[in-house]
Chemist: 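Shown below is the structure under consideration.
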Amino acid sequence: MKPTLISKENNEAKFTMEFTAEEFEAAIIKVYQAQKNKFTIDGFRKGKAPRSIIEKRYGEGIFFEDAVNNMFSMNYPLALDQLDVDAVDQPRAEFSELKKGEGYTVTITVTCYPEFEVKDYKGVEIETVSADVTDEDVEKELQNKAKVNARMVEVDRPAQDGDTVLIDYEGWADGVQFEGGTAERQPLKLGSGTFIPGFEEQLVGASKGEEKDVKVTFPEEYHSEDLAGKEAVFKCKVHEIKEEELPVIDDDFVKDVSEFDTLDEYKADIRANLEKAAEARAESQMKNSVIEKVFEANDIDIPDVMVEAEIDNMMNEFDQQLRGQGMDLGSYFQYLGKDAADFRSEVKEDAFKRVKTRMLVNKVAEQEKFEVSDDEINTELENMAKQYGLEADKLKEMIGVENVGMIAGDIKVRKALDYMYDNAVKK
């Protein structure tokens with residue numbers, strides 16, 4: 001096979017693959033050997049009919065199509081490699097006339113990865129994001145820890161916002177008790193926004209043992225069409241009123257909830273963890289700022305097929321998320337009165353940004369000639385294995401040797417991001 005590049009411009013490559021008569025004949029023979037058992041010819045045992053007899057019966061081109069398909073699938077990747085064409089779409093192929101005893105030519109046109117150089121990715125000016133942690137931040141986190149360890153105690157007073165009440169209720173609309181609107185001894189935290197708007201507020205001030213009618217109007221977008229927009233009455237009875245009792249924050253509390261002995265030690269640990277998290281958030285925000293600046297400074301003519309492929313990925317990702325919540329993409333579209341075309345239109349800009357950003361970062365890694373060592377890949381595998389509770393070798397086996405290169409690619413991307421960030425000018 002001889003590949004010849006005709007042109008390569010505007011994200012499109014055109015080239016030929018020339019096959020000799022000998023190559024075509026060898027491919028036909030291979031197909032004949034693989035398929036001869038399918039033919040039953042009078043006078044010959046099944047699978048023993050000569051090729052010439054089969055061609056005479058069914059036409060001399062009987063094996064052409066499969067031979068050509070085999071030759072194409074085997075040689076097309078080789079041609080792309082030899083001609084340095086990075087295809088991003090299915091090829092469009094035109095075949096010359098196929099004749100027995102002659103060679104033929106395939107003319108291929110394919111969309112290819114854009115050729116570009118990233119500019120202005122060093123010395124990008126960004127605003128410094130503060131990672132300061134205040135005493136108030138530490139105190140707030142300490143109060144959160146206390147809330148986690150709070151206990152609910154029953155109180156003998158009217159219910160207040162923030163209390164948890166234990167209630168029975170029956171829902172009525174148009175004088176009829178409706179399905180799904182009844183519960184017994186249901187806990188409800190007042191002010192949580194768990195129930196229909198207006199419901200919880202009306203129980204503020206209620207006392208233990210009190211029976212009270214709560215009047216509400218269901219939202220227009222309520223999931224039950226029979227109740228959407230309707231007025232309703234919930235007949236409620238309050239059984240208990242409990243409030244949150246926070247523990248005293250002292251050395252004894254610290255010993256109960258941590259490995260520390262004193263409140264001061266615990267506060268110091270909280271501050272250290274908050275500072276670490278704040279620094280990570282600040283760095284992430286600044287890295288995003290760098291990427292945004294580089295994104296704006298570089299124009300790339302991105303083939304539509306790459307954006308459409310990214311939209312496909314986004315649809316698949318979203319579908320998996322929905323399935324984890326007991327729904328699927330079809331049901332989601334039906335619920336919102338939309339379809340796949342609406343979704344594709346809504347996410348197209350985001351898909352374009354994803355593709356362009358990925359291309360820019362990968363190209364920076366290429367321009368800076370970043371390499372990834374085996375030790376770096378092994379370290380990455382070990383870290384991933386820890387996250388999943390697996391042995392590194394087992395994870396490597398699950399990923400497959402052929403996909404380990406993807407991990408190297410991820411490391412290169414990280415290096416490129418770090419490089420742009422480290423070379424940014426922080427004001």
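Sequence positions, counted from 1, serve as the residue numbers for this chain.
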Chemist: Please say which of Phe63, Tyr104, Phe19 ends up in a ring pair (Phe, Tyr, Trp, His ring centres under 6.0 Å) with Phe24.
Modeler: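 Filter result, single survivor: Tyr104.
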Chemist: Taking the side chain as everything from C-beta on, heavy atoms only, tell me whether Phe195 gets closer than 4.5 Å to Phe234.
Modeler: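 The answer is no; the side chains never approach within 4.5 Å.
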Chemist: Looking at side-chain heavy atoms only, is the closest gap between Asp269 and Phe260 below 4.5 Å?
Modeler: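 Yes, at least one pair of side-chain atoms sits under 4.5 Å.
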Chemist: So does Glu283 pair up with Lys287, basic N to acidic O under 4.0 Å?
Modeler: yes
Chemist: Side chains of Gln325 and Gln321: any donor to acceptor distance under 3.5 Å?
Modeler: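 Gln325 and Gln321 do not have a side-chain donor-acceptor pair below 3.5 Å.
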Chemist: Looking at Lys242 and Glu154, is there a salt bridge between them, counting it only when a charged N and a carboxylate O are closer than 4.0 Å?
Modeler: no
Chemist: Between the side chain of Ser192 and the main-chain N/O of Lys189, is any donor-acceptor distance below 3.5 Å?
Modeler: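 Confirmed, Ser192 side chain pairs with Lys189 backbone.
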Chemist: Any non-hydrogen side-chain atom of Met384 less than 4.5 Å from a side-chain atom of Ile407?
Modeler: yes
Chemist: Considering only heavy atoms from C-beta outward, does the side chain of Arg92 approach that of Ile108 to under 4.5 Å?
Modeler: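 With C-beta onward as the side chain, the pair stays apart.
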Chemist: Is it true that the side chains of Glu127 and Ser289 contain a donor and an acceptor less than 3.5 Å apart?
Modeler: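 Not at all, the side chains of Glu127 and Ser289 share no donor-acceptor pair under 3.5 Å.
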Chemist: What's the verdict on ring-ring contact (aromatic ring centres under 6.0 Å, His included) for Tyr332 and Phe343, showing C-alpha distance, side-chain angles and the deciding distance?
Modeler: CA-CA 11 Å; Tyr332 173 80; Phe343 180 90; 7.5 Å; no
Chemist: Using the ring-ring contact (aromatic ring centres under 6.0 Å, His included) rule, take Phe178 and Phe218 through it: C-alpha gap first, then chi angles, then the decisive distance, then the call.
Modeler: CA-CA 13 Å; Phe178 54 83; Phe218 282 95; 5.8 Å; yes
Chemist: Is the Lys NZ or Arg CZ of Lys235 less than 6.0 Å from the centre of Tyr169's six-membered ring, within 45° of the axis?
Modeler: no
Chemist: Around atom NZ of Lys30, are there more than 12 heavy atoms of other residues, nucleotides or ligands at under 6.0 Å?
Modeler: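 Open: at most 12 neighbouring heavy atoms sit under 6.0 Å from NZ of Lys30.
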Chemist: Given the ring of Phe333, does Lys338 sit roughly above its face, with NZ or CZ under 6.0 Å from the centre of the six-membered ring and within 45° of the axis?
Modeler: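 Relative to the ring axis of Phe333, which defines the angle, Lys338 lies outside at least one limit.
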Chemist: Would you say that more than 12 heavy atoms from the other residues, nucleotides or ligands in this model lie under 6.0 Å from the CG of Asp393, or not?
Modeler: no
Chemist: I would like to know whether Lys363 and Glu366 meet salt bridge (charged side-chain N to carboxylate O under 4.0 Å, His left out); could you show each step before the answer?
Modeler: CA-CA 5 Å; Lys363 192 65 176 181; Glu366 180 185 321; 3.0 Å; yes
Chemist: Can you tell which of Lys353, Arg358, Lys356 makes a side-chain hydrogen bond (donor to acceptor under 3.5 Å, both in side chains) with Glu310?
Modeler: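 It is Arg358, the one option of Lys353, Arg358, Lys356 that forms the side-chain hydrogen bond (donor to acceptor under 3.5 Å, both in side chains) with Glu310.
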Chemist: Among pairs that include at least one residue of residues 63-80, which meet side-chain hydrogen bond (donor to acceptor under 3.5 Å, both in side chains), considering only residues two or more places apart or in two chains?
Modeler: Gln35-Asp66
Chemist: In the structure I gave you, are the side-chain heavy atoms of Tyr222 and Lys230 within less than 4.5 Å of one another anywhere?
Modeler: no
